[in-house]
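Presented below is the structure to which this report refers.
The model shown is predicted, which means the values in this text are computed figures rather than measured ones. As the structure lists them, so they are numbered: ligands from 1, and atoms in each ligand from 1.
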Amino acid sequence: MTRSSMLLAALLTATGSVAAEGAFNSADDAIQYRQHAFQLIKENFGDMHAMLKGKKAMDSDAFQRRAKHLALLANIPFEAFKVAGSNQGDTEALASVWSDNAKFNRIAKEFQQASSELARVSAGGDVDAIGQAFGTTGKSCKGCHDQFKRD
Ligand code: HEC
């Protein structure tokens, strides 16, 4: 083996063992994954909220970046709800996520559409349209949590 191929082999071994730890090898992993995704959703959404409410100076570049991140992040958590056994353990998801799954998926889709719309209008800079799209997005958070998440 050359020195560089040995380095490559060592690297593959190292990353292989890291990969074996995550991405849904267990129900607990799936729960953590979606919770972490929701934390990032909250960070991005909360920062936009602070700017819209004047709790923080409006920075339209930052706002657009947050909106773009949110539109991407809105797709991230939902695959992890499909992992068998992830209805139990350290989760705040209610049983209704699985018993009323069509409705859960419908609200998830509305959330994704609303956040894509928010990213789209943010780039345009129309304040009313931004406020409206932000409100619709926030309603989907609350609408889902009311029915599918423990307080
Ligand atoms: C389609 C349903 C749905 C939508 C839409 C949704 N959430 Fe959630 N959210 C959940 C569920 C279910 C959980 C519980 C996840 C778990 O504990 O396994 C959760 C958990 C959370 C958590 C807690 C994460 C943790 O660390 O345990 C935060 C924060 C959160 N959501 C914020 C938001 C915000 C902000 C929005 C909107 C911008 C949003 N969510 C939209 C269903 C949703």
- Query: Who pairs with Phe104 by ring-ring contact (aromatic ring centres under 6.0 Å, His included), at least two apart in sequence or on another chain?
  - Reply: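 Phe104 satisfies ring-ring contact (aromatic ring centres under 6.0 Å, His included) with Phe78, Phe81, Phe148 only.
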Only pairs under 3.5 Å count here: list side-chain donor-acceptor contacts from residues 31-38, not counting sequence neighbours, and write none if there are none.
unit_1: Arg34; atom_1: NH1; unit_2: Ala80; atom_2: O; d: 3.2
unit_1: Arg34; atom_1: NH1; unit_2: Ser86; atom_2: OG; d: 2.9
unit_1: Arg34; atom_1: NH2; unit_2: Ser86; atom_2: O; d: 2.7
unit_1: Arg34; atom_1: NH2; unit_2: Thr91; atom_2: OG1; d: 3.1
unit_1: Gln35; atom_1: NE2; unit_2: Asp90; atom_2: O; d: 3.0
unit_1: His36; atom_1: ND1; unit_2: Gln32; atom_2: O; d: 3.4

Any protein N or O within less than 3.5 Å of an N or O in ligand 1? List each pair with its distance, or say none.
unit_1: ligand 1; atom_1: 7 (N); unit_2: His145; atom_2: NE2; d: 2.9
unit_1: ligand 1; atom_1: 9 (N); unit_2: His145; atom_2: NE2; d: 3.0
unit_1: ligand 1; atom_1: 17 (O); unit_2: Gln35; atom_2: NE2; d: 2.8
unit_1: ligand 1; atom_1: 17 (O); unit_2: Thr91; atom_2: OG1; d: 3.3
unit_1: ligand 1; atom_1: 17 (O); unit_2: Glu92; atom_2: N; d: 2.8
unit_1: ligand 1; atom_1: 18 (O); unit_2: Arg34; atom_2: NE; d: 2.8
unit_1: ligand 1; atom_1: 18 (O); unit_2: Arg34; atom_2: NH2; d: 3.1
unit_1: ligand 1; atom_1: 18 (O); unit_2: Thr91; atom_2: OG1; d: 2.6
unit_1: ligand 1; atom_1: 26 (O); unit_2: Gln39; atom_2: NE2; d: 2.7
unit_1: ligand 1; atom_1: 31 (N); unit_2: His145; atom_2: NE2; d: 3.0
unit_1: ligand 1; atom_1: 40 (N); unit_2: His145; atom_2: NE2; d: 2.9

- Leu52 and Met58: side-chain contact (heavy atoms from CB on, under 4.5 Å), yes or no, with the steps? CA-CA 7 Å; Leu52 286 175; Met58 175 55 80; 4.0 Å; yes
- Message: Looking at Arg120 and Glu117, is there a salt bridge between them, counting it only when a charged N and a carboxylate O are closer than 4.0 Å?
- Response: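 Salt bridge present between Glu117 and Arg120.
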- Message: So that I can tick it off, tell me whether Asp146 and Lys142 are bridged by a salt bridge, with the cut-off set at under 4.0 angstrom between side-chain N and carboxylate O.
- Response: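 Looking at Lys142 and Asp146, the cut-off is met.
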- Query: Going by the ring pair (Phe, Tyr, Trp, His ring centres under 6.0 Å) test, which pairs reach into residues 107-137, not counting sequence neighbours?
  - Reply: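 The answer is Phe45-Phe134, His49-Phe134.
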